[in-house]
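Some notes on the structure that comes next.
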Amino acid sequence: MLEKINLLFAEISELKVNGPEELESFRLRFLSKKGQISDLFEEFRNVPAEDKKEIGQKLNLLKQSALDKYNLLKSEMLISDTGSRAEDLSRPAVPYSLGSRHPISIVRNEIIDIFRRIGFTVSEGPEIEDDDHVFTKLNFAPEHPARDMQDTFYISRISAEDSNPGDILLRTHTSSVQVRVMQGQKPPIRTISPGRVFRNEAISARAHCIFHQVEGLYIDENVSFADLRQTLLFFAREMYGKDVRIRLRPSYFPFTEPSAEMDISCTICGGKGCNVCKYTGWVEVLGCGMVHPAVLESCGIDSKKYTGFAFGMGIERPAMLKYQVNDLRLYFENDIRFLEQFRTAF
Ligand code: DAH
């Protein structure tokens, strides 16, 4: 018996197996119920009690080594086989992660969608701009404080003392796109311009040196302040719900006259007063006004024939209201734990 085991041991370890058919014969010959190893186990019953321990161990070893060889050959064949046999059709599909949109993109898309429904197109301009498009053509006086190095990131300045239309800088607002659109298109113009803007601010929970704005511009014959108000009311109701109220407060921007800031009734407390609206019941959402005739003229549009309105809003603040995000920095850190929470939103 011992001799039979040893012979089989040698045979199995030397045996060459080529291809799946031979592997199957190997299994049938040695490992199946009617195979040679099973036969030896049959024989084992008749082994005298005193030899059972030694022979039993050898027999188990033989069976294990045949099984190991079989498994090894089988896995090698699966790896090397690029044909259909390597595919396990019963295996569950890979769960592809769908990813999620950034909350700023979600809110930007919402704003775009609302204005698209009333005939606005989308236009974009460069983030690296010149003074002419960001300030001069928008009627900023040469000594206007927004041109100060403390607010604006300059890339190159022609003179250290004075600002110059040729200075290159990072745009501080998307109003620069208004200028590009007016220079390139004839009225009627109805467009919104989403994009990133840059200001030299210390980073905190409430301020960042990069943020996002959407600019709006409407130029045609006989456009009035009433058109501006009605457009913004439509926007506010679509964005914040039909019960939202708006109010326009007089304000000042160099590129609009008259100018206003728009507040909406606080969406958190409904106007009763809470810490988000600082107990006023109102939240400021945008700046707006009638495009200054000097701006129209500087961009080549006849201010006697055409009038228009413009508005500009940040995206971070409405996104904070919508998702109750209390720290601006979360938008820019790209922490996956923050971003994954927006998975279901488009
Ligand atoms: N550009 C302004 C800002 O960054 C926002 C703004 C105000 C845009 C009034 C406009 C406007 O078009 O009419 O604060």
Next item on the list: Verify the cluster assignment for Phe311 and Tyr252: are they in a single hydrophobic cluster under the rule of side-chain heavy atoms below 4.5 Å apart?
Entry: no
Note to self: Quick check for you: to the nearest 0.5 Å, what is the distance between Leu62 atom CG and Lys4 atom NZ?
What the structure shows: 12.5 Å
Next item on the list: Answer whether the closest heavy-atom distance between the side chains of Met1 and Asp51 falls below 4.5 Å.
Entry: no
Margin query: Do Trp282 and Leu286 land in one hydrophobic cluster if side-chain heavy atoms of ILVMFWY residues count as linked below 4.5 Å?
Written below: no
Margin query: Would you say that Ser123 contacts Val177 through its side chain, given a criterion of any heavy-atom pair below 4.5 Å between the two side chains?
Written below: yes
Notebook entry, point to check: What are the two closest heavy atoms between Thr152 and Asn200, and how far apart are they?
Noted result: N-CB, 4.3 Å
Check: What's the spacing between Thr191 OG1 and Gln185 CD if we round to 0.5 Å?
Finding: 6.5 Å
Note to self: Quick one: does any side-chain atom of Ser265 pair with a main-chain N or O of Gly281 as donor and acceptor, under 3.5 Å?
What the structure shows: no
Item checked: Distance (rounded to the nearest 0.5 Å) between Leu217 CG and Glu215 CD -> 7.5 Å
Checklist line | N/O donor-acceptor pair under 3.5 Å between Asp220 side chain and Pro188 backbone | finding: no
Notebook entry, point to check: Considering residues, nucleotides and ligands other than Glu50, do more than 12 of their heavy atoms fall under 6.0 Å from its CD?
Noted result: yes
Notebook entry, point to check: Does a side-chain N-to-carboxylate-O contact under 4.0 Å join Glu129 and Arg180?
Noted result: yes
Notebook entry, point to check: If Ile, Leu, Val, Met, Phe, Trp and Tyr residues are connected whenever their side-chain heavy atoms lie under 4.5 Å apart, and connections chain through other members, are Leu28 and Leu31 in the same group?
Noted result: no
Notebook entry, point to check: Out of Tyr154, Phe140, Phe255, which residue meets the ring pair (Phe, Tyr, Trp, His ring centres under 6.0 Å) rule with Phe135?
Noted result: Phe140
Checklist line | pair Asp130-Ile168: side-chain heavy atoms closer than 4.5 Å | finding: yes
Margin query: With a 4.5 Å cut-off on side-chain heavy-atom distances among I, L, V, M, F, W and Y, is there a chain of contacts connecting Leu73 to Leu67?
Written below: yes
Checklist line | Worked verdict on Ile203 versus Cys209 for side chain to side chain contact (heavy atoms under 4.5 Å, CB included) | finding: CA-CA 6 Å; Ile203 296 170; Cys209 58; 4.0 Å; yes
Item checked: Lys69 atom NZ: more than 12 heavy-atom contacts under 6.0 Å -> yes
Next item on the list: Taking all heavy atoms of Pro318 and all of Tyr240, pick out the closest pair and write down the distance.
Entry: CB-OH, 3.2 Å
Next item on the list: Take the angle between the ring planes of Tyr218 and Phe120 and call it parallel below 30°, perpendicular above 60°, tilted in between.
Entry: perpendicular
Margin query: What's the separation between atom CD in Gln36 and atom CD1 in Ile5, rounded to the nearest 0.5 Å?
Written below: 12.5 Å
Notebook entry, point to check: Taking atom CG of Leu72 and atom CD of Glu76, what is their separation to the nearest 0.5 Å?
Noted result: 4.5 Å
Next item on the list: For the pair Thr172 and Arg147, evaluate side-chain hydrogen bond (donor to acceptor under 3.5 Å, both in side chains) and give the outcome as yes or no after the intermediate values.
Entry: CA-CA 9 Å; Thr172 55; Arg147 294 178 137 150; over 6 Å; no
Checklist line | CA sep, side-chain torsions, deciding dist, call: Leu296, Asp302, side chain to side chain contact (heavy atoms under 4.5 Å, CB included) | finding: CA-CA 7 Å; Leu296 293 174; Asp302 182 354; over 6 Å; no
Check: Counting only heavy atoms not in Arg337, do more than 12 sit closer than 6.0 Å to its CZ atom?
Finding: no
Notebook entry, point to check: Considering only heavy atoms from C-beta outward, does the side chain of Leu15 approach that of Phe30 to under 4.5 Å?
Noted result: yes
Notebook entry, point to check: Does any N or O in the side chain of Ser13 come within less than 3.5 Å of the main-chain N or O of Phe9, such that one atom is a donor and the other an acceptor?
Noted result: yes
Item checked: Atom CZ of Arg247 with >12 non-hydrogen neighbours under 6.0 angstrom -> yes
Checklist line | Over 12 foreign heavy atoms within 6.0 Å of CD1, Ile128 | finding: no
Note to self: Going by side-chain contact (heavy atoms from CB on, under 4.5 Å), name the residues that satisfy it together with Tyr279, two or more places apart in sequence or in a different chain.
What the structure shows: Asn275
Next item on the list: Using a strict cut-off of less than 4.0 Å between a Lys/Arg side-chain nitrogen and an Asp/Glu carboxylate oxygen, indicate whether Arg157 and Asp167 qualify as a salt bridge.
Entry: yes
Check: Closest approach of Leu138 and His173, non-hydrogen atoms and distance?
Finding: CD1-NE2, 3.6 Å
Margin query: When you measure from the side chain of Ser259 to the backbone of Phe253, do you find a donor-acceptor pair of N or O atoms at a distance under 3.5 Å?
Written below: yes
Note to self: Could you see if Val214 belongs to whatever hydrophobic cluster contains Val197? Use Ile, Leu, Val, Met, Phe, Trp, Tyr and a side-chain cutoff under 4.5 Å.
What the structure shows: no
Check: Has the side chain of Asn109 got a donor or acceptor atom that lies under 3.5 Å from a matching backbone atom of Ile106?
Finding: no
Check: Any donor-acceptor pair under 3.5 Å linking the side chain of Gln213 with the backbone of Gly312?
Finding: no
Notebook entry, point to check: Is a donor on one side and an acceptor on the other found under 3.5 Å between the side chain of Ser176 and the backbone of Val134?
Noted result: no
Next item on the list: Looking only at non-hydrogen atoms, find the nearest pair between Met290 and Val223 and report the distance.
Entry: CE-O, 3.4 Å
Next item on the list: Kindly compute the distance separating CG (Asp132) from OG (Ser298), expressed to the nearest 0.5 Å.
Entry: 8.0 Å
Next item on the list: Inspect the surroundings of CG in Asp335 and state if more than 12 heavy atoms from other residues, nucleotides or ligands are less than 6.0 Å away.
Entry: yes
Checklist line | Validation row: Ile12, Ile37 side chains within 4.5 angstrom (heavy atoms) | finding: yes
Notebook entry, point to check: Do His208 and Glu316 have side-chain heavy atoms sitting under 4.5 Å apart?
Noted result: no
Margin query: With a sphere of 6.0 Å drawn around CD of Glu22, does it hold more than 12 non-hydrogen atoms of other residues, nucleotides or ligands?
Written below: yes
Notebook entry, point to check: Counting distance only, does the side-chain N/O of Ser38 pair as donor-acceptor with the main-chain N or O of Ser32 below 3.5 Å?
Noted result: yes
Check: Is any side-chain heavy atom of Val283 less than 4.5 Å from a side-chain heavy atom of Thr267?
Finding: no
Note to self: Quick check on side-chain contact (heavy atoms from CB on, under 4.5 Å): which of Met320, His212, Glu110, Arg196 does Ile315 satisfy it with?
What the structure shows: His212
Item checked: Chi angles and distances behind the side chain to side chain contact (heavy atoms under 4.5 Å, CB included) call for Glu54, Leu2 -> CA-CA 9 Å; Glu54 190 196 355; Leu2 215 50; 3.8 Å; yes
Checklist line | Shortest non-hydrogen contact from Ile192 toward Gly216 | finding: CG2-CA, 3.9 Å
Check: Going through the distances and angles, do Phe235 and Ile118 end up as a side chain to side chain contact (heavy atoms under 4.5 Å, CB included)?
Finding: CA-CA 10 Å; Phe235 163 73; Ile118 51 173; over 6 Å; no
Next item on the list: May I ask you to check whether Gln64 and Asp68 show a side-chain donor-acceptor distance below 3.5 Å?
Entry: yes
Next item on the list: Provide the closest heavy-atom pair for Phe342 versus Phe338 in the form atom of the first, atom of the second, distance.
Entry: CE1-O, 3.3 Å
Check: Is there a side-chain contact between Ile111 and Pro194 (heavy atoms, below 4.5 Å)?
Finding: no
Next item on the list: Would you indicate whether Lys52, at its atom NZ, is surrounded by more than 12 heavy atoms from other residues, nucleotides or ligands within a distance under 6.0 Å?
Entry: yes
